[in-house]
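Below: the structure, in structure tokens.
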Protein chains: 2
Amino acid sequence: MASTIPDETPPRRRSQKERREETSTRILDSAEKLFSEHGLHGVTLRDVAYEAKVDTSLVHYYFSNKDQLFRSVFTRRASEANVARIKALDDYLEKSGDNPTLHGIVDAFTTPALRLVGSGDPGFRNFGALVGIVNNTPGWGQAMMSEFFDDVSRRFLEIFKQILPGAREEDVYWCYHFLTGAFTFSLAQTGRIDKLSDGLCHSTDMDSIAERLPMLFAAGMASICEKRLASAQPS
Amino acid sequence: MASTIPDETPPRRRSQKERREETSTRILDSAEKLFSEHGLHGVTLRDVAYEAKVDTSLVHYYFSNKDQLFRSVFTRRASEANVARIKALDDYLEKSGDNPTLHGIVDAFTTPALRLVGSGDPGFRNFGALVGIVNNTPGWGQAMMSEFFDDVSRRFLEIFKQILPGAREEDVYWCYHFLTGAFTFSLAQTGRIDKLSDGLCHSTDMDSIAERLPMLFAAGMASICEKRLASAQPS
DNA sequence: ATTATCTATAGATCTATAGATAATGC
DNA sequence: ATTATCTATAGATCTATAGATAATGC
């Protein structure tokens with residue numbers, strides 16, 4: 001059939017810029033997949049090169065070394081996720097005016113990332129798993145969490161404090177601590193709940209998570225912070 | 001001084017059984033520490049041998065290979081923790097009689113392990129971090145979580161279902177999912193909350209966690225399961 | 001003339017084992 | 001006679017780089 005087409009487009013080779021972009025993206029995607037399955041040290045550059053169908057030397061050519069590669073993988077998605085989260089927060093604050101709720105803030109905190117991870121894009125799906133690993137890794141993991149998420153975290157923490165006036169600061173921080181634990185574990189999509197529920201729930205089902213997580217934490221955080229508040233009143 | 005003591009005890013060498021016990025324990029402790037810091041693949045048997053001050057071949061002599069070593073490390077503490085958790089649950093159920101509360105069950109689920117990790121024993125402290133890593137690792141991590149914690153998990157899940165009659169099963173499973181996320185992240189003691197709170201909170205402070213986690217989840221789980229209950233009533 | 005990709009390889013690990021040695025056990 | 005420990009090393013990676021090659025860019 002193709003041979004009957006008269007003015008066949010020449011098999012124009014892609015420009016260098018395009019090839020650079022395409023190859024480095026393929027390496028990043030492969031690394032993202034493997035890192036999310038086995039962690040930083042569970043993956044060799046040979047694994048990445050093989051998965052990306054390039055030679056190991058090309059991985060060095062584009063990303064210098066393994067640490068840089070990991071950082072590049074992480075940066076790509078973290079930046080996009082942060083933009084979405086800040087936007088969700090700003091939108092919600094504007095929409096809610098004088099009456100922002102705890103539920104609304106927790107929702108702005110969690111839902112944008114959950115939606116990205118659950119969107120069907122395998123890149124973001126893998127990135128979610130990666131966040132679960134990094135957030136539970138001391139040392140370099142924590143350094144990376146700080147570098148990429150401290151700004152957003154502090155922004156949300158300030159809002160939580162404002163919305164819970166009179167609550168003890170420690171209580172707000174601890175609530176945030178639990179929230180991030182449940183949140184990043186949800187992003188990790190480990191499959192554990194699938195097994196325990198005999199297939200009733202799926203850890204990749206971000207809609208179910210987005211629906212329940214804010215509800216649970218809105219009630220739970222209010223309970224902790226208000227109980228403290230109440231016990232402080234009598235004095 | 002020592003030379004003045006008349007009947008000096010001879011420098012009796014430890015028996016083979018004692019030396020075996022002592023050396024293998026030192027290897028386990030060293031491995032536990034390093035695995036908790038860098039994960040399974042971030043540690044080499046040479047690292048372990050160096051930390052334990054033995055030759056690499058001794059690690060093989062006692063534990064065959066790296067996987068077996070990791071399993072041995074994990075088993076030692078997991079068994080003890082499980083016993084403590086089941087005992088806490090049984091004790092609570094007996095004590096509470098007809099009126100077990102959500103708070104009481106969540107407390108039995110979390111507090112025993114939190115106490116062990118916070119007890120000051122560096123072995124359990126490291127083990128906590130290890131659980132954080134393993135629970136956020138797919139593949140072999142999940143296999144290990146299943147093997148060591150499925151029995152306890154199912155036991156608690158049944159109680160949660162009983163104590164929340166009429167709640168939708170999915171809601172109970174999702175609550176459990178969030179609970180384990182917050183719980184294992186707390187065990188991991190990553191130091192993130194220390195930084196975000198400028199030193200006000202410490203992620204190694206298991207007492208503060210044990211005090212708040214059950215309260216938050218008791219209120220949060222009730223909120224989700226009862227809201228569902230309420231919306232199901234009209235029909 | 002520059003850039004993307006490939007070839008070849010150095011040098012540093014890492015796991016694992018075979019076999020020797022020096023104690024303890026009986 | 002058995003067991004804990006040490007010596008030595010094989011064989012398999014793994015990271016990283018130097019230098020060649022074959023395209024594109026101008």
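The shown structure was predicted, so the numbers you read here are calculated from the model rather than taken from an experiment. Below, chain A is the first sequence line, B the second, and so on; all start at residue 1. We use all heavy atoms of the structure for the numbers below, so side chains are in, but hydrogens, waters and symmetry mates are not.
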Checklist outcome for this item: B/Ile86 meets the side chain to side chain contact (heavy atoms under 4.5 Å, CB included) criterion, sequence neighbours left out, with B/Asp90, B/Val152, B/Arg155

Checklist entry - Taking only residues two or more places apart in sequence or in another chain, which ones pass salt bridge (charged side-chain N to carboxylate O under 4.0 Å, His left out) with A/Glu51? => result A/Lys33

Item to check | Qualifying residues under side chain to side chain contact (heavy atoms under 4.5 Å, CB included), relative to B/Asp150, sequence neighbours excluded | outcome: A/Arg192, A/Lys195, A/Leu196, B/Ser146, B/Arg154

Next on the checklist: Other residues, nucleotides and ligands only: do more than 12 of their heavy atoms fall within 6.0 Å of CG on A/Asp91?
Outcome noted: yes

Next on the checklist: Contact list please: residues 59-75 of chain A against DNA chain C, heavy atoms, distance less than 4.0 Å, in numerical order.
Outcome noted: A/Tyr61, A/Tyr62

Next on the checklist: Can you identify which nucleotide, out of D/dC14, D/dT5, C/dA4, has its nearest atom closest to the B/Arg19 side chain?
Outcome noted: D/dT5

Checklist entry - Could you state the NE2-P distance from B/His41 to D/dC14, rounded to the nearest angstrom? => result 11 Å

Item to check | A/Arg26 with A/Glu22: basic N within carboxylate O range, under 4.0 Å | outcome: yes

Checklist entry - Between C/dC14 atom C1' and B/Tyr50 atom OH, what is the distance in whole Å? => result 18 Å

Checklist outcome for this item: Taken in chain and number order and not counting sequence neighbours, the residues that satisfy side chain to side chain contact (heavy atoms under 4.5 Å, CB included) with B/Leu28 are B/Phe63, B/Leu69, B/Ser72, B/Val73, B/Arg76

Checklist entry - Near DNA chain C, which residues from residues 21-40 of chain A have a heavy atom under 4.0 Å away? => result A/Thr23

Checklist entry - Mind checking whether B/Lys66 and B/Phe70 have side chains closer than 4.5 Å, heavy atoms only? => result no

Item to check | Sub-4.5 Å side-chain heavy-atom contact between B/Asp194 and B/Cys201 | outcome: no

Please list, one pair per line, the donor and acceptor atoms closer than 3.5 Å that link side chains of residues 129-141 of chain A to other protein atoms, with sequence neighbours excluded.
| residue | atom | partner | partner atom | Å |
| --- | --- | --- | --- | --- |
| A/Asn135 | ND2 | A/Thr184 | OG1 | 3.1 |
| A/Asn136 | ND2 | A/Gly132 | O | 3.1 |
| A/Thr137 | OG1 | A/Ile133 | O | 2.7 |

Polar atom pairs (N or O), protein with nucleotides 7-11 of chain C, under 3.5 Å:
| residue | atom | partner | partner atom | Å |
| --- | --- | --- | --- | --- |
| C/dT7 | O4 | A/Ser57 | OG | 3.4 |

Item to check | For atom CG of A/Leu58 and atom P of C/dT5, their distance in whole Å | outcome: 5 Å

Item to check | side chain to side chain contact (heavy atoms under 4.5 Å, CB included) partners of B/Ser79, counting only residues at least two apart | outcome: B/Thr75

For residues 110-119 of chain B, run the donor-acceptor check on the side chains, cut-off 3.5 Å, and write out each pair with its distance to 0.1 Å, sequence neighbours left out.
| residue | atom | partner | partner atom | Å |
| --- | --- | --- | --- | --- |
| B/Thr110 | OG1 | B/Val106 | O | 3.0 |
| B/Thr111 | OG1 | B/Asp107 | O | 3.2 |
| B/Thr111 | OG1 | B/Asp107 | OD1 | 2.7 |
| B/Ser119 | OG | B/Leu116 | O | 2.7 |
| B/Ser119 | OG | B/Asp121 | N | 3.3 |

Item to check | Between the first and last five pairs of the helix from C/dA1-D/dT24 to C/dT24-D/dA1, the angle of the axes, rounded to 10 degrees | outcome: 0°

Item to check | Salt bridge present between A/Glu158 and A/Lys161 (N-O < 4.0 angstrom) | outcome: yes

Item to check | B/Thr56 vs B/Gln16, nearer the 5' end of DNA chain C by closest nucleotide | outcome: B/Thr56

Item to check | Residue pairs involving residues 180-206 of chain B (criterion ring pair (Phe, Tyr, Trp, His ring centres under 6.0 Å); sequence neighbours excluded) | outcome: A/His177-B/Phe185, B/Phe109-B/Phe183

Item to check | Side-chain N or O of B/Thr44 closer than 4.0 Å to phosphate OP1/OP2 of C/dC14 | outcome: yes

Next on the checklist: Can you measure B/Lys17 atom NZ to C/dA23 atom C1' for me and round it to whole angstrom units?
Outcome noted: 17 Å

